[in-house]
Peer 1: 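Please see the structure below; I have some questions.
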Protein chains: 2
Amino acid sequence: MAKLDESLLAHLPPFSLLGREQIREILDLATSQRFEEGATVYHESEDAGRFYLLLDGTVRALHITPEGEHVTALHVPAGQLFGIARALGRSTYPATVETVSEAIVLWWPMSLWPQFIARYEGFATETYRTVGERLGEMQTRIIELSVLHVEQRVASTLLRLVDQTGRKAEGGILIDFPITRQDLSDMTGTTLHTVSRLLSAWQKQGIVESRRKQIMVCEPQSLTALSTARPA
Amino acid sequence: MAKLDESLLAHLPPFSLLGREQIREILDLATSQRFEEGATVYHESEDAGRFYLLLDGTVRALHITPEGEHVTALHVPAGQLFGIARALGRSTYPATVETVSEAIVLWWPMSLWPQFIARYEGFATETYRTVGERLGEMQTRIIELSVLHVEQRVASTLLRLVDQTGRKAEGGILIDFPITRQDLSDMTGTTLHTVSRLLSAWQKQGIVESRRKQIMVCEPQSLTALSTARPA
DNA sequence: CAGGCATATTGCGCCAGAACAAACTTTGAT
DNA sequence: ATCAAAGTTTGTTCTGGCGCAATATGCCTG
């Protein structure tokens, strides 16, 4: 395998406090791996043997119910750690992770976890910050699911995605990975039919523009309005 | 203030690995405080100045939306830590915490947190296990809110409460703190009306028995059935 | 024990959104 | 080009459960 360059990690929060040699050390312990779009990295409740860093692409954490329904818990953008079950005192992965687009990851055996925490300055702190952020996101999800209507949930989900992975494009901000109506409905707890109707309506109003597997938000303000307004 | 006894902490997971002197140390740093039923311990987004151990009673973490709706995130049973914002890399509390019944807590200034983590064996590990468990609970909530119907959500919420704080009583298992239909609806993302109807119906079937602010589950199996069954 | 307040029950109408159904479009493979 | 598969749109029907409103019941206070 080609030797990995230190600059890959140097600017990422979990490693930003570390010196060159330490990063070299870490990289030499890592394995890099490429995943196709839609590939499964690991399954829920599997033994948590590795922890991962997402170098490029997007992955999502999801659950599959006994009835076969998919519920998306979380999207992870490039640059973040995932599969960090040990940070939560768990020995199995709490969710299934699959790639949303082609993805490049680094991984380390979980047996190295304690030494990463102990040896590398800032690694623990940043990791727990990440955990805290995800927890916050989940709380927001719960609140939204509890009190918001479908339309509001879809609107704020779109806003969140734009915020996390939006890429400037002409006429709006593009969500930077392939996303279907079904995906959106898995994130919002509704059906793809309803999402389709909403997007069509919004497109007519010029708020979004959507092609197959692609959504561009043209008027974020309008979505914000939709997501907060309590309709009469 | 009366001196606290070491036996208070000795058997609790975060401290169970510690020796007598260490526990003494910890207790001497602690302040104990009693809260009335329904009292607020701290508010969301307040500066996280303390971390808490719940010695007796039950507290709940909740959010209040701008519109004034309450969403209950989590119940914390006696013996657990809460307000551990620092474990999540946060400097403010992520939710409001209020007591559900009369409660006794110990608290320490958050400035002691780093030293607790560093000095006391097992404290960090157990803390993160707690975080992991709560995260798991939240995931379950999200899944339930996404794919289950109101009746199923109420049923499984009742089961969870029975599981966490149930106390054997004649004729069934009693939920060991005062709980209103409104509370239940805040936990399940529905209205108190619907909860009331459901409880009435279940009472007629002999599945539960409810007085004012009190619910007893007589036939857990029936609730389990209700919570999983995919109604035609 | 009277009055007042919080909690609970119940009936009714209505509508957001799910379920079902079917056609259409884009993409990619042969 | 042709075909198949995946994704999307749109129409119609139906219902769970919310909103509103009135009433009942237990609980606390003075």
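Every heavy atom of this structure was used, including side-chain atoms; hydrogens, water molecules and symmetry mates were not. We name chains A, B, ... by the order of the sequence lines, and we start the count at 1 in each one. Computed from a predicted model, the values in this text were never measured in an experiment.
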Peer 1: OP1 or OP2 of dG7(D) versus the side-chain N and O atoms of Thr180(A): is any pair under 4.0 Å?
Peer 2: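 For Thr180(A), the contact criterion (side-chain N or O under 4.0 Å from OP1 or OP2 of dG7(D)) is not met.
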Peer 1: Mind checking if Arg211(B) touches a base, just sugar-phosphate, or nothing, with heavy atoms under 4.0 Å?
Peer 2: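 Nothing, no heavy atom under 4.0 Å.
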Peer 1: Ignoring hydrogens and angles, does a donor from either the side chain of His193(A) or the base of dT10(D) sit under 3.5 Å from an acceptor on the other?
Peer 2: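 It does, because a donor-acceptor pair links the side chain of His193(A) to the base of dT10(D) below 3.5 Å.
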Peer 1: Does a nitrogen or oxygen in the side chain of Ser200(A) sit under 4.0 Å from OP1 or OP2 of dT10(D)?
Peer 2: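 For dT10(D), OP1/OP2 do have a side-chain N/O of Ser200(A) under 4.0 Å.
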Peer 1: Can we say Glu126(B) and Arg129(B) salt-bridge, meaning some charged N sits less than 4.0 Å from an Asp/Glu carboxylate O?
Peer 2: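 Yes, charged N to carboxylate O under 4.0 Å.
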Peer 1: Provide, to the nearest angstrom, the distance between the CZ atom belonging to Arg153(A) and the C1' atom belonging to dA18(C).
Peer 2: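 So the two atoms are 12 Å apart, to the nearest Å.
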Peer 1: In whole Å, what is the span from the CG atom of Leu198(B) to the P atom of dA8(C)?
Peer 2: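 For the pair Leu198(B) CG and dA8(C) P, the rounded distance is 14 Å.
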Peer 1: How long is the line joining CD of Glu37(A) and P of dG7(D), in whole Å?
Peer 2: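 About 9 Å, once rounded to whole Å.
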Peer 1: Starting at CG of Leu184(A) and ending at P of dG7(D), how long is that distance when rounded to a whole Å?
Peer 2: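 My rounded result for the distance is 14 Å.
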Peer 1: Which listed nucleotide (dC18(D), dA6(C), dT25(C)) is nearest to the side chain of Arg212(B)?
Peer 2: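 Of the candidates, dA6(C) comes closest.
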Peer 1: Does a nitrogen or oxygen in the side chain of Arg181(A) sit under 4.0 Å from OP1 or OP2 of dT9(D)?
Peer 2: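 True: Arg181(A) side-chain N/O within range (under 4.0 Å) of dT9(D) OP1/OP2.
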Peer 1: Measure the distance from CD1 on Ile179(A) to P on dA6(D) and round it to the nearest whole Å.
Peer 2: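 These atoms are roughly 19 Å apart.
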Peer 1: For dC18(D), does either OP1 or OP2 sit under 4.0 Å from a side-chain N or O belonging to Thr190(B)?
Peer 2: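 Checking dC18(D) against Thr190(B), a side-chain N or O does come within under 4.0 Å of OP1 or OP2.
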Peer 1: Check the distance between dT9(C)'s C1' and Leu199(B)'s CG and give it to me in whole angstrom.
Peer 2: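 After rounding, the gap between these two atoms is 11 Å.
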Peer 1: Which nucleotide in the set dG17(D), dC12(C), dA8(C) lies at the smallest distance from any side-chain heavy atom of Arg197(B)?
Peer 2: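 Given the options dG17(D), dC12(C), dA8(C), the side chain of Arg197(B) is closest to dC12(C).
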Peer 1: Can you tell me how far C1' of dT25(D) sits from CD of Gln214(B), to the nearest Å?
Peer 2: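 Computing the Gln214(B):CD to dT25(D):C1' distance gives 16 Å.
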Peer 1: Taking the inter-plane angle between the rings of His75(A) and Phe177(A) on a 0 to 90° scale, is it parallel (under 30°), tilted (30 to 60°) or perpendicular (over 60°)?
Peer 2: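 Judged by the thresholds at 30° and 60°, the geometry between His75(A) and Phe177(A) is parallel.
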Peer 1: Looking at Glu151(B) and Arg197(B), does any basic side-chain N land under 4.0 Å from a carboxylate oxygen?
Peer 2: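 Salt bridge flag = no for Arg197(B) with Glu151(B).
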Peer 1: Check whether any side-chain nitrogen or oxygen of Thr194(B) sits under 4.0 Å from OP1 or OP2 of dC18(D), and answer yes or no.
Peer 2: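 So the side chain of Thr194(B) is within the cut-off, an N or O lying under 4.0 Å from OP1 or OP2 of dC18(D).
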Peer 1: Got a salt bridge between Glu170(A) and Lys168(A), using NZ or NE/NH1/NH2 to carboxylate O under 4.0 Å?
Peer 2: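 Looking at Lys168(A) together with Glu170(A), the answer is no, because their closest N to O distance does not fall below 4.0 Å.
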Peer 1: With a 4.0 Å limit, can you tell me whether Ser196(B) has a side-chain N or O closer than that to the phosphate oxygens OP1/OP2 of dT10(C)?
Peer 2: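 It does not, given that no N or O in the side chain of Ser196(B) lies less than 4.0 Å from OP1 or OP2 of dT10(C).
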Peer 1: Report yes or no: does Gln80(A) contribute a side-chain atom to a donor-acceptor pair with the main-chain N or O of Pro77(A) at less than 3.5 Å?
Peer 2: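 Not confirmed, Gln80(A) side chain does not pair with Pro77(A) backbone.
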Peer 1: Grab the CD1-C1' distance between Ile215(A) and dT8(D) for me, whole Å please.
Peer 2: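 Roughly 12 Å, once rounded to whole Å.
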Peer 1: Counting any heavy atom closer than 4.0 Å, what does Leu192(A) reach on the DNA or RNA strands: base, sugar-phosphate only, or nothing?
Peer 2: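 Leu192(A): base contact, heavy atoms under 4.0 Å.
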